[in-house]
Amino acid sequence: MEAFVVRDLGRMAYADAWDEQRRVHALVAGGEAPPTLLLVEHPPVVTFGKKGGREHLRVPEPELVARGFELFDIERGGDVTYHGPGQLVGYPIFPVGRRVQEYLRKLEAVMVRVLAQYGITAVGSPGYAGVWVGNDKVVAIGVAIKRDVSFHGFAMNVTTDLSHFDTIVPCGLEGKGVASIASLTGRSVTLDDVKPALVAAFHAEFVEAERPAAMEEERVAP
């Protein structure tokens, strides 16, 4: 993939970020903008993917709204998930074509690289989308592909209030837990601390890792 640009949206309401995703997606899919990685932090919000997930709410919707949570039905894959303060959310708007499974494995590899920098040994799990430390999910992944270009993406728990996940069965997976960089390391880590490592890991997996193959194709071309 060609080099991508990064836009940091800061703290932004989910609906506004969703609108911005769709706007940028249209530009990238139309060849009017380069691949773009949007980074954002959301106020508390619960989203439902294509599988729905309202049966996996542990708190009635009116009570969630009263607590200040927003709720949205969106077009990504997967079940119910939570976003909120202290969580680094990323929306890679990248050309994917038919290489969806490869794209997902690369996303997992990016997250594993970042967590390793904090001494955390994590693994991607194709059967339980996301990145895990034992039985606990540290990064949720849920994507959509339209016009061969990805949107939606990942949510990495950095200093997330993990008690907020008690309102749902995360991703509809009973018996699984959640963790954050802070809970696993006992360190005070900010989103701004993590962002440079994240961008570097994206570059390594999506730009640098593809260059040798591209160079080999050039050498064998007639």
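Hydrogens, waters and symmetry mates are skipped; everything else that's a heavy atom, side chains included, is used.
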Visitor: Transitively linked via ILVMFWY side-chain contacts under 4.5 Å: Val112 with Val207?
Guide: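 Linked within one cluster.
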Visitor: What closest approach, in Å, do Ala26 and Arg147 show between heavy atoms, and which atom pair accounts for it?
Guide: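 For Ala26 and Arg147, the tightest heavy-atom pair comes out as O-NH1, 4.2 Å.
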Visitor: Hey, could you give me the OG/CG distance between Ser183 and Asp161, rounded to the nearest 0.5 Å?
Guide: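 Answer rounded to 0.5 Å: 11.5 Å.
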Visitor: Given side chains that start at C-beta, do those of Lys137 and Lys176 come closer than 4.5 Å, heavy atoms only?
Guide: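 Result no, sub-4.5 Å side-chain heavy-atom pair not found.
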Visitor: What are the two closest non-hydrogen atoms of Leu184 and Val138, and how far apart are they?
Guide: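 Result for this residue pair: CD1-CG2, 3.8 Å.
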Visitor: Quick one: do Phe48 and Ile74 end up in the same hydrophobic cluster if we chain Ile, Leu, Val, Met, Phe, Trp and Tyr together by side-chain heavy atoms under 4.5 Å apart?
Guide: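 Different clusters.
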Visitor: Rounded to the nearest 0.5 Å, what's the gap from NE2 on His164 to CG on Asn157? Could you check?
Guide: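 These two atoms lie 12.0 Å from each other.
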Visitor: Does any part of the side chain of His152, heavy atoms only, come nearer than 4.5 Å to the side chain of Gln21, both counted from C-beta?
Guide: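 Yes, side chains in contact.
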Visitor: Do you reckon Val100 sits in the same ILVMFWY cluster as Phe154, going by side-chain contacts under 4.5 Å, direct or chained?
Guide: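 The answer is yes; both residues are in one hydrophobic cluster.
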Visitor: Looking at Glu75 and Lys146, is any side-chain nitrogen of the basic one under 4.0 Å from a carboxylate oxygen of the acidic one?
Guide: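 Not counted as a salt bridge, because no side-chain N and carboxylate O are separated by less than 4.0 Å.
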Visitor: Could you go through the side-chain contact (heavy atoms from CB on, under 4.5 Å) check for Val40 and Glu20 one step at a time?
Guide: CA-CA 11 Å; Val40 65; Glu20 184 62 8; over 6 Å; no
Visitor: Report the residue from Asp193, Thr160, Val194 that forms a side-chain contact (heavy atoms from CB on, under 4.5 Å) with Ile181.
Guide: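 Among the candidates, only Val194 passes.
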Visitor: Going by atom types only, do Arg76 and Thr47 share a side-chain donor-acceptor pair under 3.5 Å?
Guide: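 Per modelled atom types, Arg76 and Thr47 side chains form a pair under 3.5 Å.
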Visitor: Distance-only, no hydrogens or angles: does the His83 side chain make a donor-acceptor pair with backbone N or O of Pro44 under 3.5 Å?
Guide: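 No; judged by distance alone, with no hydrogens or angles, the pair does not exist.
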Visitor: Would a hydrophobic clustering, with Ile, Leu, Val, Met, Phe, Trp and Tyr connected at side-chain separations under 4.5 Å, put Leu88 with Val110?
Guide: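 Yes: a chain of side-chain contacts under 4.5 Å links Leu88 to Val110.
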Visitor: I'd like to know if the side chain of Arg58 reaches the main chain of Ile168, judged simply by a donor and an acceptor atom lying under 3.5 Å from each other, with no hydrogens or angles considered.
Guide: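 The answer is yes, because a donor-acceptor pair under 3.5 Å joins these two groups.
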Visitor: Quick one: ring-ring contact (aromatic ring centres under 6.0 Å, His included) partners of His25, sequence neighbours excluded?
Guide: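 If we apply the ring-ring contact (aromatic ring centres under 6.0 Å, His included) test to His25, skipping adjacent residues, the hits are Phe151.
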Visitor: To the nearest 0.5 Å, tell me how far Asp8 CG sits from Lys195 NZ.
Guide: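 Going from the CG atom of Asp8 to the NZ atom of Lys195 covers 3.5 Å.
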Visitor: Show the nearest heavy-atom pair for residues Val143 and Ile141, with the distance to one decimal.
Guide: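 Scanning both residues completely, I find the closest heavy atoms to be CG1-CG2, 4.2 Å.
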Visitor: Once you measure the plane-to-plane angle for Phe165 and Tyr82, does it fall in the parallel (<30°), tilted (30-60°) or perpendicular (>60°) bin?
Guide: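 Rings of Phe165 and Tyr82: perpendicular, as their planes differ by over 60°.
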Visitor: For the backbone of Pro34 and the side chain of Thr36, can you confirm whether one donor and one acceptor N or O come within less than 3.5 Å of each other?
Guide: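 Confirmed, Thr36 side chain pairs with Pro34 backbone.
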Visitor: Looking only at heavy atoms, what is the nearest atom pair of Pro35 and Pro95, with distance?
Guide: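 In terms of heavy atoms, the two residues are closest at CG-CD, 3.7 Å.
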Visitor: Classify the side-chain pair Gln101/Arg105 by whether it contains a donor and acceptor separated by less than 3.5 Å.
Guide: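 Gln101 vs Arg105: donor-acceptor pair found between side chains.
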Visitor: Are the aromatic rings of Phe72 and Tyr14 close, with centres under 6.0 Å apart?
Guide: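 Judged by ring-centre distance (under 6.0 Å), Phe72 and Tyr14 do meet the cut-off.
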Visitor: For the side chain of Glu41 and the backbone of Gly86, is there at least one donor-acceptor N/O pair under 3.5 Å apart?
Guide: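 Checked: pair present.
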Visitor: Which distance, rounded to the nearest 0.5 Å, do you find between the CD of Gln117 and the CG of Leu198?
Guide: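 Answer rounded to 0.5 Å: 10.0 Å.
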Visitor: Look up atom CD in Gln87 and atom OG1 in Thr159, then write down how far apart they are to the nearest 0.5 Å.
Guide: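 The OG1 atom of Thr159 is 10.0 Å from CD of Gln87, to the nearest 0.5 Å.
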Visitor: For Leu162 and Ala179, work out which heavy atoms get closest and say how close.
Guide: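 For Leu162 versus Ala179, the nearest heavy atoms are CD1-CA, 3.9 Å.
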Visitor: Following the transitive rule for hydrophobic clusters with a side-chain heavy-atom cut-off under 4.5 Å over Ile, Leu, Val, Met, Phe, Trp and Tyr, establish whether Leu38 and Leu191 coincide in one cluster.
Guide: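 No; Leu191 is not reachable from Leu38 via cluster members.
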Visitor: Within the 4.5 Å heavy-atom criterion, are Leu57 and Val46 side-chain neighbours or not?
Guide: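 A side-chain contact exists here, since the closest heavy-atom pair is under 4.5 Å.
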Visitor: Mind listing the closest non-hydrogen atom pair of Ala122 and Val133 along with its distance?
Guide: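 The answer is CB-CG2, 3.9 Å.
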Visitor: So, the side chain of Ser150 versus the backbone of Pro92: is there a donor-acceptor pair under 3.5 Å, distance only?
Guide: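 Side chain of Ser150 to backbone of Pro92: a pair is present.
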Visitor: Contact between Leu27 and Arg23 at the side-chain level, heavy atoms closer than 4.5 Å - yes or no?
Guide: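 Leu27 vs Arg23: side chains touch.
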Visitor: To the nearest 0.5 Å, what is the distance between CZ on Phe206 and CZ on Phe4?
Guide: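 If I round to the nearest 0.5 Å, the distance is 8.5 Å.
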Visitor: Indicate yes or no: at least one non-hydrogen side-chain atom of Glu108 is less than 4.5 angstrom from one of Ser125.
Guide: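 Not touching, per the 4.5 Å side-chain cut-off.
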